[in-house]
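This report concerns only the one structure given below.
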Amino acid sequence: MIKKTIMAFMLIGLVSGCVDQDKKWLLEGNVNGLNRHEWQNAYPDLKLGTAGRWLQTLHEKGFLNNDGLIEGPEFKENAKKLSECLDSSMLIYDKPTNQLVASCVKMMGWAD
C-alpha cells in the first residue's frame, strides 16, 4: 500500500511538471465553452482560460489568420482582449456566446 501511494505521488509530480507554466492559465478554462449565463457569472480566470481555449479551437479549425495569436505572451493578452470584448458585447447584443466570439474575433481583425 505504501509503495502504491509513493508511486501515485511520483506520477502526480511528473504530470504536474509537464504543464507548460506559461500556459497554466488555460487550465482554468472550460474546454466546452460557456453559454451567456455561465459567462456572465464566471470568475475572471475562468473567462480568461475559456477565451484562450476558444482561440486555440478557432486556430485548430483554421479560422484565425495569424498563428502568432496563440503563441508566446501575446496568447494570454489576446485571450484577455477576447474576454473583454465578450463582456462588452453581452451588454449590447442578445446573441449566443459562440456568435459573439465570432464577431469579436472578426472585429479585432483576427479572422477574415
Side-chain angles (χ1 to χ4, degrees):
M1 180 69 176
I2 293 174
K3 285 183 180 180
K4 287 183 181 180
T5 304
I6 292 171
M7 291 299 289
F9 281 118
M10 288 176 61
L11 181 59
I12 290 170
L14 287 173
V15 171
S16 64
C18 294
V19 174
D20 182 351
Q21 295 302 310
D22 291 336
K23 293 185 181 174
K24 195 172 182 178
W25 57 274
L26 276 171
L27 298 176
E28 289 284 331
N30 187 321
V31 295
N32 298 312
L34 299 171
N35 63 34
R36 285 184 68 90
H37 177 74
E38 292 167 333
W39 182 267
Q40 290 169 329
N41 293 300
Y43 54 95
D45 287 343
L46 175 58
K47 288 182 176 184
L48 180 66
T50 302
R53 290 183 180 274
W54 276 325
L55 287 175
Q56 282 181 321
T57 299
L58 290 169
H59 177 262
E60 289 168 6
K61 293 184 177 187
F63 291 114
L64 298 182
N65 59 17
N66 181 351
D67 291 343
L69 292 168
I70 62 160
E71 295 175 355
E74 293 82 17
F75 181 22
K76 188 173 183 179
E77 283 301 312
N78 292 332
K80 185 175 181 181
K81 289 176 187 176
L82 177 57
S83 177
E84 291 168 352
C85 181
L86 282 169
D87 284 340
S88 299
S89 297
M90 286 194 181
L91 297 173
I92 301 168
Y93 304 106
D94 188 26
K95 293 181 178 179
T97 309
N98 62 341
Q99 289 180 15
L100 294 175
V101 169
S103 294
C104 285
V105 167
K106 190 162 183 111
M107 181 186 70
M108 289 187 275
W110 297 343
D112 299 322

Nearest-0.5 Å distance that lies between atom CG in L64 and atom CG in D112: 10.0 Å
Single-linkage hydrophobic cluster L55~M108, side-chain heavy atoms < 4.5 angstrom: yes
W110 side chain near K81 side chain, heavy-atom distance below 4.5 Å: yes
M107 to C85 - nearest heavy-atom pair and separation: CE-SG, 3.5 Å
Spacing of NZ belonging to K76 relative to NZ belonging to K80, to within rounding of 0.5 Å: 9.0 Å
Shortest non-hydrogen separation from C104 to L82 and the atoms involved: CB-CD1, 3.6 Å
ILVMFWY cluster, W54 and Y43 together (side-chain gap under 4.5 Å): yes
From CA spacing to verdict: side-chain contact (heavy atoms from CB on, under 4.5 Å), L27, R53: CA-CA 9 Å; L27 298 176; R53 290 183 180 274; 4.1 Å; yes
Heavy-atom pair with the smallest gap, counting every atom of W39 and L34: CE3-CD1, 3.7 Å
Test log, rule side-chain contact (heavy atoms from CB on, under 4.5 Å), inputs N78 and I70: CA-CA 8 Å; N78 292 332; I70 62 160; over 6 Å; no
Test side-chain contact (heavy atoms from CB on, under 4.5 Å) applied to Q56 and L26, step by step: CA-CA 10 Å; Q56 282 181 321; L26 276 171; 3.5 Å; yes
Worked check of side-chain contact (heavy atoms from CB on, under 4.5 Å) between K47 and L86: CA-CA 9 Å; K47 288 182 176 184; L86 282 169; over 6 Å; no
Closest non-hydrogen atom pair between R36 and M90, with its separation: NH2-O, 3.1 Å
Minimal non-hydrogen separation, L48 against W25, with atom names: O-CZ3, 3.5 Å
Exercise: identify the closest heavy-atom pair between N65 and L69: OD1-CD1, 4.3 Å
Straight-line distance of E71 CD to H59 NE2, nearest 0.5 Å: 6.5 Å
